[in-house]
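Encoded as structure tokens, the structure appears first; notes follow it.
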Amino acid sequence: MTRTTLTDLDEVQLLDTTLRDGEQMPGVSLTPGEKVDVARELDAAGVHLIEAGSACTSEGEREAIRRVADEGLDATVTSFARGVKGDVDHGLDCGVDGVNLVVPASDKHVETKVGSTRDEVVETTVELVEYAKDHGLWVEVLGEDGSRADLDYLERLLGAGLDAGADRICYCDTVGAADPERTAAVVSRLAELGPTSLHTHDDLGFGLANVHAGLKAGADTVHGTVLGVGERAGNVALEEVAIALGESYDVDTVELSRLYRLCRTVSEATGVALPPNKAVCGANAFAHESGIHTDGTLKDGTMYEPYPPEMVGRERRLVLGKHAGRAGVKAALAEHDVAVDDDELREVVARVKELGERGKRVTDADLLAVADDVRGRERERHVELVDLSATSGGNLPTASVRLRVGDEERVASGTGAGPVDAGLEAVRAALSGGESDSGAEGAADGVAFELDSYHVDAITGGTDAVVTVEVDLSRGDRSVSVSASDADITRASVVGMVDGLDRLLAAEADAADAEPDAVADD
């Protein structure tokens with residue numbers, strides 16, 4: 001596609017506020033360790049500025065900010081500061097590089113929220129900027145609720161901040177009330193004063209559109225959060241800003257190949273699931289089921305994708321269901337080194353479609369079971385669950401499993417954050433050796449694996465609901481998707497994981513049998 005011009009800039013800087021504004025999302029509370037983990041990923045991706053938190057909140061929050069500031073990151077680490085001297089002092093105490101000084105801009109905030117006047121806010125802002133600069137801090141002045149402020153006053157307020165020594169100013173659409181036209185009108189005035197940032201929310205669905213309007217009007221930096229986490233409808237999503245600017249306008253921001261890993265890190269830390277239809281990081285972003293789409297994608301990866309999944313650290317997935325076609329099913333079987341003739345393929349496709357018509361997601365395990373049946377093969381299990389017990393009472397959930405691994409049984413136990421986590425650890429322990437049926441420790445080689453994704457759906461109502469657990473497992477360069485249903489979520493989870501591992505080990509065994517005998521060197 002012919003790229004259009006959005007800005008004269010070759011690079012737009014990103015300020016990530018996941019650790020501050022993102023944490024204002026109801027139910028999200030990050031520990032100091034989680035903040036450090038996220039900050040490291042942000043820095044590894046090349047994010048330019050990281051707002052590590054709000055130092056005025058509590059001593060615990062200050063400890064978290066200190067730990068981020070002490071990481072020696074390449075990014076500029078900042079703290080949120082209200083228009084009071086104490087907040088700047090708290091930031092200094094945490095050892096941050098700078099402060100994001102937020103002062104009221106709209107009359108609603110000036111008069112009703114803080115009970116002040118326009119003149120008093122301007123005077124206080126100047127004093128605080130000078131104080132922060134005198135103490136060696138980088139300073140950004142944000143006019144809170146700027147999108148609903150009187151434009152002449154907003155210009156006066158932020159201009160005074162720049163005159164006092166601030167490094168930049170920020171247009172804030174604090175409640176996501178602005179449209180792109182309003183954003184462009186305001187930012188075009190502010191950008192004439194000096195370096196201008198954009199802070200947008202998505203309450204009207206205009207978050208990213210307002211970023212584009214602001215950049216076109218002269219801004220050079222964008223505030224955002226990973227996954228768009230934040231209060232109400234959230235902030236503009238940092239990963240969407242990055243891919244849109246890079247792919248559509250040839251504007252650099254961060255290392256795009258790190259985006260998916262960054263999204264996964266934030267999802268795990270915040271507990272916010274990755275929506276399946278989410279750009280960049282959603283499970284369906286590079287998944288194809290339709291026979292027409294799958295066939296076209298196999299012939300040319302760009303057929304039904306605007307950019308390759310590898311660009312953001314992803315891989316393409318072929319999903320099987322009622323829309324599956326011969327090309328997609330054949331490719332999916334080939335991924336597991338399963339070869340079928342034309343007649344067998346026709347029957348496998350028919351059965352896959354039948355499963356899909358019943359509303360079932362056809363997992364890799366389902367596909368392989370169908371292929372085995374069509375080819376008249378009985379599958380020899382490599383790993384099988386014999387028994388499971390789990391307890392979640394008390395302070396330490398525990399689980400124990402008995403697995404049949406090859407010709408022996410192994411028993412192991414594990415603890416975790418909950419019974420499902422404990423069950424996973426018990427499986428890992430059993431596969432790492434455990435205690436065999438002969439009483440010997442570690443009687444067989446360990447079986448390493450990774451749990452790539454885990455998803456639960458209730459498929460019936462009531463307190464006795466049956467749940468379906470879907471897991472994606474990988475071992476080396478092989479991966480498999482499996483589902484299992486049970487009224488007991490722990491049992492469904494463990495059965496799914498064990499079945500997945502069984503499939504992975506079976507694929508490895510088949511591949512090893514297919515390899516020619518090694519020839520000895522002379």
Stepwise side chain to side chain contact (heavy atoms under 4.5 Å, CB included) check, Asp152 with Arg189: CA-CA 9 Å; Asp152 290 336; Arg189 291 266 296 269; 2.8 Å; yes
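- By the 4.5 Å heavy-atom criterion applied to side chains, Leu198 and Leu215 are counted as neighbours.
- Between atom CD1 of residue Ile243 and atom CG of residue Leu256 there is a gap of 5.0 Å, rounded to the nearest 0.5 Å.
- Between the side chains of Tyr131 and Asp89, a donor-acceptor pair is found at a separation under 3.5 Å.
- Side chains of Ser481 and Glu470: no donor on one and acceptor on the other come within 3.5 Å.
- Distance check, rounded to the nearest 0.5 Å: OG1 of Thr5 to CG of Asp250 gives 9.5 Å.
- Annotation: side chain of Asp97 is not in contact with side chain of Leu137 (no heavy-atom distance under 4.5 Å).
- Two residues are said to be in side-chain contact when any heavy atoms from C-beta on lie closer than 4.5 Å; Leu142 and Leu101 fail this criterion.
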Verdict with reasoning, Met25 to Glu231, per side chain to side chain contact (heavy atoms under 4.5 Å, CB included): CA-CA 4 Å; Met25 179 176 180; Glu231 55 197 339; over 6 Å; no
Val121 and Thr125: CA distance, side-chain angles, deciding distance, side chain to side chain contact (heavy atoms under 4.5 Å, CB included) verdict: CA-CA 6 Å; Val121 170; Thr125 299; 4.0 Å; yes
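- With Asp220 as reference, Arg168 is the one residue of Gln13, Glu11, Arg168 to meet the side-chain contact (heavy atoms from CB on, under 4.5 Å) rule.
- Within the 4.5 Å cutoff, side-chain heavy atoms of Asp16 are placed close to those of Val226.
- Considering only residues two or more places apart in sequence or on other chains, Asp119 meets the salt bridge (Lys or Arg N to Asp or Glu O under 4.0 Å) condition with Arg156.
- Heavy-atom minimum distance, Ala492 versus Ala484: O-CB, 3.4 Å.
- Under the salt bridge (Lys or Arg N to Asp or Glu O under 4.0 Å) criterion, Asp87 pairs with Arg82, sequence neighbours left out.
- Evaluation of the side-chain hydrogen bond (donor to acceptor under 3.5 Å, both in side chains) test over residues 263-274, restricted to residues two or more places apart or in two chains, returns Tyr260-Arg264.
- Contact annotation: the side chain of Val469 approaches that of Val456 to within less than 4.5 Å [non-hydrogen atoms, C-beta and beyond].
- Under the 3.5 Å distance criterion, the side-chain polar atoms of Asp173 are matched with a main-chain donor or acceptor of Ala177.
- Judged as a ring pair (Phe, Tyr, Trp, His ring centres under 6.0 Å), and not counting sequence neighbours, Tyr454 has no contacts.
- No side-chain heavy atom of Phe80 sits less than 4.5 Å from a side-chain heavy atom of Thr17.
- Here Thr415 pairs with Leu396, Thr398 under the side chain to side chain contact (heavy atoms under 4.5 Å, CB included) rule; sequence neighbours left out.
- Of the possible polar contacts, one joining the Thr196 side chain to the Gly194 backbone as a donor-acceptor pair under 3.5 Å is found.
- In terms of heavy atoms, Thr490 sits closest to Ala390 at CG2-CB, 4.0 Å.
- Within the structure, ring-ring contact (aromatic ring centres under 6.0 Å, His included) contacts touching residues 192-216 (residues at least two apart or in different chains) are His199-His201, His199-His223, His212-Tyr249.
- One finds the CG atom of Leu73 at 12.0 Å from the CG atom of Leu49 (value rounded to the nearest 0.5 Å).
- Counting heavy-atom neighbours within 6.0 Å of Asp10 CG, excluding the residue itself, gives a total of 12 or less.
- Annotation: side chain of Val229 is not in contact with side chain of Val28 (no heavy-atom distance under 4.5 Å).
- From Glu34, atom CD reaches atom CG of Leu19 across 10.5 Å, with rounding to the nearest 0.5 Å.
- Atom-to-atom distance recorded for Leu42:CG and Glu51:CD is 12.0 Å, nearest 0.5 angstrom.
- Here the side chain of Arg428 pairs a donor or acceptor atom with the backbone of Phe449 at under 3.5 angstrom.
- Taking the side chain as every heavy atom from C-beta outward, Glu140 and Ile169 never approach each other to under 4.5 Å.
- Annotation: Arg182, atom CZ; neighbour count of heavy atoms from other residues, nucleotides and ligands within 6.0 Å is above 12.
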Pair Lys278-Glu240, salt bridge (Lys or Arg N to Asp or Glu O under 4.0 Å): steps then yes or no: CA-CA 9 Å; Lys278 178 78 165 59; Glu240 293 180 8; 2.8 Å; yes
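- For Lys216, the NZ atom sits in a loose shell: 12 or fewer heavy atoms of surrounding residues, nucleotides or ligands are nearer than 6.0 Å.
- Here the closest heavy-atom approach between residue Ala242 and residue Leu14 is recorded as CB-CD1, 4.4 Å.
- Rounding to the nearest 0.5 Å places OG of Ser79 at 13.5 Å from CD1 of Ile50.
- Under the 3.5 Å distance criterion, the side-chain polar atoms of Glu239 are matched with a main-chain donor or acceptor of Leu227.
- A distance-only check finds a donor-acceptor pair linking the side chain of Ser188 to the backbone of Ala185 [under 3.5 Å].
- In terms of heavy-atom proximity, Val114 sits nearest to Pro104 at CG2-CG, 4.0 Å.
- Among all heavy-atom pairs drawn from Cys94 and Ile65, the shortest one is CB-CG2, 3.7 Å.
- Side-chain contact check for Tyr171 and Ser197: no donor-acceptor pair (N or O, by modelled atom type) lies under 3.5 Å.
- Side-chain polar atoms of Asn210 and Thr200 form no donor-acceptor pair below 3.5 angstrom.
- Across His90, Arg20, Lys35, Arg66, a single residue satisfies side chain to side chain donor-acceptor pair (under 3.5 Å) together with Glu61, and that is Lys35.
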Side chain to side chain contact (heavy atoms under 4.5 Å, CB included) assessment of Leu473 paired with Glu450: CA-CA 6 Å; Leu473 301 175; Glu450 294 295 329; over 6 Å; no
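- Screening Thr174, Thr112, Asp145 for a side chain to side chain donor-acceptor pair (under 3.5 Å) involving Ser106 leaves a single residue, Asp145.
- Asp43 and Arg258 are not joined by a salt bridge, as no carboxylate oxygen comes within less than 4.0 angstrom of a charged side-chain nitrogen.
- Within 6.0 Å of the CG atom in Asp8, the count of heavy atoms belonging to other residues, nucleotides or ligands does not exceed 12.
- Arg62 and Glu59 are joined by a salt bridge, as a carboxylate oxygen and a charged side-chain nitrogen come within less than 4.0 angstrom of each other.
- Of the possible donor and acceptor atoms, none in the side chain of Asp472 sits under 3.5 Å from a partner among the backbone N and O of Asp452.
- Here the closest heavy-atom approach between residue Ala422 and residue Gly414 is recorded as CB-O, 3.6 Å.
- A distance-only check finds a donor-acceptor pair linking the side chain of Thr7 to the backbone of Leu9 [under 3.5 Å].
- A salt bridge links Lys113 and Glu144; the closest N-O separation between the charged side-chain nitrogens and carboxylate oxygens is under 4.0 Å.
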